[in-house]
Number of protein chains: 2
Amino acid sequence: MTGSAANENASPWLPVEDREKARDQKIEAVQDMALTLFIEQGYHHVTMNEVAERLNVTKPALYNYFRSKEDILYSCWMSGHERLQQRVGAELGEGSGLARLRRLIRIYAETMTTTYGKSLVLLDDRDLDEINRRAILERKRNLDGLFRKLIADGVADGSIRPTDPRMAAFAIAGALNWIGHWHRVDGPMTPEKIAEDFAQRLTAGLERDDG
Amino acid sequence: MTGSAANENASPWLPVEDREKARDQKIEAVQDMALTLFIEQGYHHVTMNEVAERLNVTKPALYNYFRSKEDILYSCWMSGHERLQQRVGAELGEGSGLARLRRLIRIYAETMTTTYGKSLVLLDDRDLDEINRRAILERKRNLDGLFRKLIADGVADGSIRPTDPRMAAFAIAGALNWIGHWHRVDGPMTPEKIAEDFAQRLTAGLERDDG
DNA sequence: ACTTTTGATTACCCATGGGTAATATCCATA
DNA sequence: TATGGATATTACCCATGGGTAATCAAAAGT
């Protein structure tokens with residue numbers, strides 16, 4: 001362990017990178033702890049003092065890593081979005097509109113069972129200033145656009161029966177986002193089970209009757 | 001700035017001469033105005049001063065009608081729930097599980113397009129003290145239970161294909177609750193259109209293939 | 001008319017909590 | 001062992017905003 005740089009040329013001059021790495025780890029620790037508390041109690045009920053305490057430091061120490069509480073909130077949301085985008089980019093793949101939509105639903109549902117996934121739904125962009133808020137709203141729009149596009153593609157390629165992509169996207173995204181509200185880690189179903197169930201359930205009414 | 005100064009919340013205090021309104025109307029006016037602002041800006045960004053100002057009164061006047069800000073929040077949620085329950089009790093009617101489920105979806109969807117309906121989703125019960133919070137959580141559980149029961153009834157009477165009532169209820173309630181997030185009064189669809197669309201859409205995958 | 005009640009106003013209190021200043025500590029480098 | 005950069009601590013500031021006390025004005029009862 002800690003063998004990050006257990007290198008052959010035992011040079012005692014490794015610390016510069018290690019320090020940066022340590023700093024990044026601390027940034028992440030602050031973010032993780034803050035997010036966990038935000039999800040549990042709601043942003044406005046979490047104090048910077050509490051975040052610090054839970055990390056065994058004092059409040060001003062946090063300001064070495066984030067400029068403000070709001071800055072943490074923004075980072076949390078963005079990290080959640082990045083993780084989702086990462087998987088979408090890697091796993092959406094090719095195929096019919098319906099096939100890709102099902103894959104998106106699986107990815108989205110699984111993500112919603114993680115703390116960072118929940119941040120996409122449970123954090124309120126109205127707690128951010130205009131600049132950051134706009135950045136998030138744009139990403140939300142893009143996400144909505146992806147749902148609509150896959151549905152429209154499916155209608156076009158015949159894998160999905162004719163339907164209003166806007167309403168279909170609202171219905172699907174709503175069901176998925178709601179996972180962030182009801183999911184508990186000690187619940188009866190694994191994230192994969194939930195994802196599989198929803199991928200079928202949310203597209204069951206969209207398939208063409210004729211095969 | 002959150003736009004539309006056009007607010008249908010009329011203030012009983014506007015004309016200083018005819019301050020002859022009933023107490024109940026004033027209570028309702030306070031509640032309506034507070035709720036409108038809560039929905040627009042989020043509970044924590046609304047000050048008692050702002051609520052009062054918008055009603056052409058000063059802050060302490062509000063405390064003639066509500067004991068606290070939290071008390072207003074609680075009343076808002078409860079009023080929303082009462083209106084929903086009212087319609088459910090009156091309009092759910094008889095019939096197969098599927099038929100009753102569709103009626104519930106229509107009622108719920110329409111309600112979600114009103115300010116009081118939105119309060120059920122957009123207000124956070126964690127902003128309440130334990131007593132009030134528990135009262136709300138119980139009502140939320142009952143509502144969830146109603147969805148599950150209608151689905152289970154439908155499976156039992158054969159109008160709905162075998163499915164997990166818990167997951168089906170989560171998916172449907174999620175899609176419905178999400179309306180509160182995306183619906184805008186100046187949107188392209190009337191509440192009735194939305195309700196009809198969702199009643200079909202959210203049950204399209206639940207019908208029996210045969211039949 | 002006179003007193004009581006209701007409801008509004010002005011002026012204020014004060015707990016909370018985000019954020020900062022000054023300072024101390026640690027540690028690799030020279 | 002001295003220097004300097006990074007990071008932590010103690011002690012503090014202060015804007016915000018929910019809520020109250022004292023007071024006043026207009027209905028309403030008698």
Side-chain angles (χ1 to χ4, degrees), chain A residues 2 4-5 10-31 33-34 37-38 41-76 123-124 126-129 132, chain B residues 11-31 33-34 37-38 41-76 123-124 126-129 132:
Chain A
T2 66
S4 54
S11 167
W13 276 274
L14 25 122
V16 179
E17 304 160 3
D18 271 2
R19 281 231 218 117
E20 276 170 16
K21 205 176 288 176
R23 182 183 169 80
D24 286 347
Q25 278 178 353
K26 290 182 180 175
I27 290 176
E28 209 185 319
V30 171
Q31 193 175 292
M33 181 57 73
L37 296 174
F38 290 165
Q41 311 174 16
Y43 179 70
H44 292 282
H45 294 296
V46 178
T47 69
M48 291 296 273
N49 256 323
E50 188 180 1
V51 175
E53 235 171 71
R54 297 275 291 254
L55 290 166
N56 303 310
V57 274
T58 55
K59 179 174 61 172
L62 302 180
Y63 289 86
N64 283 315
Y65 306 104
F66 289 93
R67 283 195 315 280
S68 65
K69 186 185 180 188
E70 189 198 306
D71 195 28
I72 302 180
L73 181 67
Y74 179 69
S75 289
C76 287
L123 304 183
D124 190 344
R126 290 173 304 189
D127 293 326
L128 299 168
D129 64 35
N132 290 340
Chain B
S11 166
W13 286 278
L14 245 178
V16 187
E17 57 269 25
D18 57 334
R19 289 186 167 177
E20 248 286 313
K21 306 286 183 178
R23 179 180 172 85
D24 286 348
Q25 279 180 344
K26 291 184 179 175
I27 290 177
E28 208 186 319
V30 171
Q31 193 175 292
M33 180 59 72
L37 295 174
F38 290 165
Q41 311 174 14
Y43 179 70
H44 291 282
H45 294 297
V46 178
T47 69
M48 292 296 273
N49 257 321
E50 189 182 359
V51 175
E53 235 171 71
R54 296 275 292 255
L55 291 166
N56 304 309
V57 199
T58 56
K59 180 174 60 171
L62 302 180
Y63 289 86
N64 282 315
Y65 306 104
F66 289 94
R67 282 195 315 280
S68 66
K69 186 186 180 188
E70 189 198 304
D71 194 28
I72 301 180
L73 181 68
Y74 179 69
S75 288
C76 286
L123 304 183
D124 191 344
R126 291 174 302 188
D127 293 326
L128 299 169
D129 64 35
N132 289 340

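In what follows, chains carry the letters A, B, and so on, assigned in the order in which the sequence lines appear, proteins first and then strands, with residues in each chain numbered from 1.
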Would you kindly give the [atom1]-to-[atom2] distance between [X] and [N], to the nearest whole Å?
| X | N | atom1 | atom2 | answer |
| --- | --- | --- | --- | --- |
| B:Glu70 | C:dT16 | CD | P | 15 Å |
| B:Arg67 | D:dT20 | CZ | C1' | 16 Å |
| A:Tyr43 | C:dG17 | OH | P | 13 Å |
| B:Phe66 | D:dT20 | CZ | C1' | 19 Å |
| A:Tyr63 | D:dC13 | OH | P | 18 Å |
| B:Gln41 | D:dG17 | CD | C1' | 14 Å |
| A:Lys69 | C:dT16 | NZ | C1' | 11 Å |
| B:Leu62 | D:dG17 | CG | P | 15 Å |

Q | B:Leu37 and B:Met33, any side-chain heavy atoms less than 4.5 Å apart | A |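 B:Met33 reaches B:Leu37 side chain to side chain.
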(Q) Using side-chain heavy atoms (C-beta onward) and a distance below 4.5 Å, is A:Ile27 in contact with A:Phe66? (A)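 Result yes, sub-4.5 Å side-chain heavy-atom pair found.
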Listed nucleotide nearest any side-chain atom of [X], set [options]:
| X | options | result |
| --- | --- | --- |
| B:Ala61 | C:dA21, C:dT9, D:dA8 | C:dT9 |
| B:Tyr65 | D:dT9, C:dG19, C:dG7 | C:dG7 |
| B:Lys59 | D:dG18, C:dT9, C:dT20 | D:dG18 |

Q: Please list, chain by chain and in numerical order, all residues satisfying ring-ring contact (aromatic ring centres under 6.0 Å, His included) with B:Tyr43, sequence neighbours excluded.
A: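 Testing B:Tyr43 for ring-ring contact (aromatic ring centres under 6.0 Å, His included), a comparison that skips the adjacent residues, returns B:Phe38.
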I'd like to check the side chain to side chain donor-acceptor pair (under 3.5 Å) partners of [X]; sequence neighbours left out, ordered by chain and number.
| X | answer |
| --- | --- |
| B:Glu70 | none |
| A:Asp127 | A:His44, B:His45 |
| A:Arg54 | none |
| B:Glu53 | none |

Q. Closer than 4.0 Å, any side-chain N/O of A:Arg23 to the OP1 or OP2 of D:dA6?
A.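 Negative; the distance criterion is not met.
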Q.
Please compare A:His44 and A:Pro60 by the position of their nearest nucleotide in DNA chain C and report the one closer to 5'.
A.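 Here A:His44 is the residue nearer the 5' end.
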Q: Find which nucleotide of DNA chain C each of A:Ser68 and B:Asn64 is nearest to by heavy atoms, and output the residue with the more 5' nucleotide.
A: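 Between the two, 5'-proximity favours B:Asn64.
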Q.
Under 4.0 Å, heavy atom to any atom of DNA chain C: which of residues 46-54 of chain A qualify?
A.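 Within this stretch, A:Val46, A:Thr47, A:Met48 sit under 4.0 Å of the strand.
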Q: Assess whether one donor atom and one acceptor atom, taken from the side chain of B:Lys26 and the base of C:dG7, lie less than 3.5 Å apart.
A: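 No, no donor-acceptor pair under 3.5 Å.
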